[in-house]
Amino acid sequence: MSEKFTKSMSRNIFYGGAAFFFLLFVALTFDTTRALPERDHRQNITEQVAFGKKVWEKNNCIGCHTLLGEGAYFAPELGNVYTRFGNSKEAIMAFIKGRPVEGIQGRRSMPQFNLTDEELEAVAEFLKWSSEINTANWPPNVQG
Ligand code: HEC
């Protein structure tokens, strides 16, 4: 091996490295595009799930809650609330209906949203759907 590190050697490393990482980038992008529809199970988005998402947006649930880590840190993570509530849409609906609960020391309460039964059921269905996204086990515990 020559002792000198020549200009052409460094050029080769630069072009070789750039080409390698560009190809890696393309391959990983392709892999992500292929894997996503399976992970977010978008084929299961029913009309009710879509309507639930609208209810979610209209009432700005994300203004207090996070959904899979995105959102505000005022109130609990809801990406796995369906699991946390024992795989029960009814429990979620009863919770939302029963708020606010005032006067518990050191605990904030969620306001009342006066959702119709249809809206309530849809937002619960949306949260059920969200809990079934393959997040590679995130958040790591059910309290999430
Ligand atoms: C103004 C802030 C705020 C908004 C907006 C809000 N929440 Fe909440 N939510 C809370 C707080 C605070 C709690 C936890 C305290 C409590 O009420 O027991 C909570 C708890 C919950 C829980 C139970 C979570 C658990 O693990 O105990 C669910 C389900 C929930 N909210 C759903 C919703 C939905 C759906 C919306 C939109 C329609 C929404 N929240 C909008 C503040 C909010």
Side-chain angles (χ1 to χ4, degrees), residues 1 5 7-144:
M1 212 175 118
F5 191 68
K7 249 186 180 177
S8 80
M9 280 162 80
S10 61
R11 194 185 302 123
N12 287 345
I13 289 172
F14 171 75
Y15 283 125
F20 175 76
F21 283 106
F22 178 72
L23 288 177
L24 188 66
F25 173 74
V26 169
L28 288 175
T29 305
F30 180 73
D31 182 60
T32 303
T33 321
R34 223 187 31 152
L36 267 185
E38 218 173 279
R39 286 185 139 225
D40 68 13
H41 67 114
R42 62 186 70 163
Q43 70 278 8
N44 297 332
I45 301 178
T46 60
E47 263 177 37
Q48 198 184 27
V49 172
F51 180 56
K53 174 83 176 354
K54 290 230 168 77
V55 176
W56 171 268
E57 282 163 10
K58 204 176 117 208
N59 293 283
N60 193 26
C61 309
I62 205 100
C64 292
H65 290 277
T66 48
L67 189 67
L68 305 183
E70 292 285 336
Y73 295 105
F74 182 74
E77 160 69 42
L78 293 185
N80 57 353
V81 71
Y82 177 75
T83 326
R84 185 155 64 246
F85 278 21
N87 295 335
S88 166
K89 270 180 12 182
E90 286 69 30
I92 293 177
M93 289 158 68
F95 181 95
I96 297 173
K97 247 185 179 166
R99 300 289 113 171
V101 175
E102 304 289 358
I104 304 174
Q105 191 81 35
R107 187 178 170 105
R108 328 181 246 245
S109 184
M110 181 162 117
Q112 177 52 246
F113 284 92
N114 296 312
L115 302 179
T116 65
D117 286 348
E118 196 193 356
E119 289 172 328
L120 205 53
E121 180 131 23
V123 83
E125 184 70 22
F126 168 66
L127 290 173
K128 174 176 184 283
W129 180 86
S130 304
S131 76
E132 289 158 359
I133 296 172
N134 175 359
T135 57
N137 295 327
W138 195 94
N141 58 48
V142 78
Q143 284 79 30

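Both counts, for ligands and for their atoms, begin at 1 and track the order of listing.
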* Would a distance-only check, ignoring hydrogens and angles, find a side-chain to backbone donor-acceptor pair under 3.5 Å from Ser109 to Glu102? -> no
Looking at [atom1] of [X] and [atom2] of [Y], how far apart are the two atoms once the value is rounded to the nearest 0.5 Å?
{"X": "Phe85", "Y": "Leu78", "atom1": "CZ", "atom2": "CG", "answer": "8.5 Å"}
{"X": "Lys128", "Y": "Thr83", "atom1": "NZ", "atom2": "OG1", "answer": "10.5 Å"}
{"X": "His65", "Y": "Phe74", "atom1": "NE2", "atom2": "CZ", "answer": "9.0 Å"}

Could you find the nearest protein heavy atom to [atom] and give me its residue, atom name and distance?
{"atom": "atom 15 (C) of ligand 1", "value": "Arg108 O, 3.0 Å"}
{"atom": "atom 16 (C) of ligand 1", "value": "Arg99 NH1, 3.2 Å"}
{"atom": "atom 32 (C) of ligand 1", "value": "Leu78 CD1, 3.6 Å"}
{"atom": "atom 26 (O) of ligand 1", "value": "Arg84 NE, 2.8 Å"}

Near [X], which atoms of ligand 1 are under 4.0 Å from a heavy atom of that residue?
{"X": "Phe85", "answer": "23 (C), 25 (C), 26 (O), 27 (O)"}
{"X": "Asn59", "answer": "38 (C)"}
{"X": "Ile96", "answer": "35 (C)"}
{"X": "Asn60", "answer": "5 (C)"}
{"X": "Cys64", "answer": "1 (C), 2 (C), 3 (C), 4 (C), 5 (C), 42 (C), 43 (C)"}

Compare [options] and give the one whose heavy atom is closest to [atom].
{"atom": "atom 22 (C) of ligand 1", "options": "Phe113, Trp56, Phe95", "result": "Phe95"}
{"atom": "atom 14 (C) of ligand 1", "options": "Gly98, Pro76, Ala75", "result": "Pro76"}
{"atom": "atom 37 (C) of ligand 1", "options": "Ala91, Cys61, Ala72", "result": "Cys61"}

* Answer with side chain, backbone, both or neither: which part of Pro111 has a heavy atom less than 4.0 angstrom from an atom of ligand 1? => side chain
Shortest non-hydrogen separation from [X] to [Y] and the atoms involved:
{"X": "Glu77", "Y": "Gly69", "answer": "OE1-N, 2.9 Å"}
{"X": "Trp56", "Y": "Leu127", "answer": "CZ3-CD2, 4.0 Å"}
{"X": "Arg99", "Y": "Pro111", "answer": "CB-O, 3.9 Å"}

* To do: Taking the side chain as every heavy atom from C-beta outward, state whether Cys64 and Arg108 have any atom pair closer than 4.5 Å.
  => no
* Indicate yes or no: does an N/O atom of Met110 lie under 3.5 Å from an N/O atom of ligand 1? => yes
* Let me know which of Gln43, Arg42, Gln48 forms a side-chain contact (heavy atoms from CB on, under 4.5 Å) with Ile45. => Arg42
* Asked: Under 4.0 angstrom from ligand 1, any heavy atom of Gly63?
  -> no
* Would you say Arg107 touches ligand 1, if touching means a heavy atom closer than 4.0 Å? -> yes
* Asked: Do the rings of Phe22 and Phe25 sit parallel, tilted or perpendicular, given the 30° and 60° boundaries?
  -> tilted
* Heavy atoms of other groups near Lys53 NZ, more than 12 under 6.0 Å -> no
* To do: Using a cut-off of strictly less than 2.8 Å, determine whether His65 has an N/O/S atom near atom 8 (Fe) of ligand 1.
  => yes
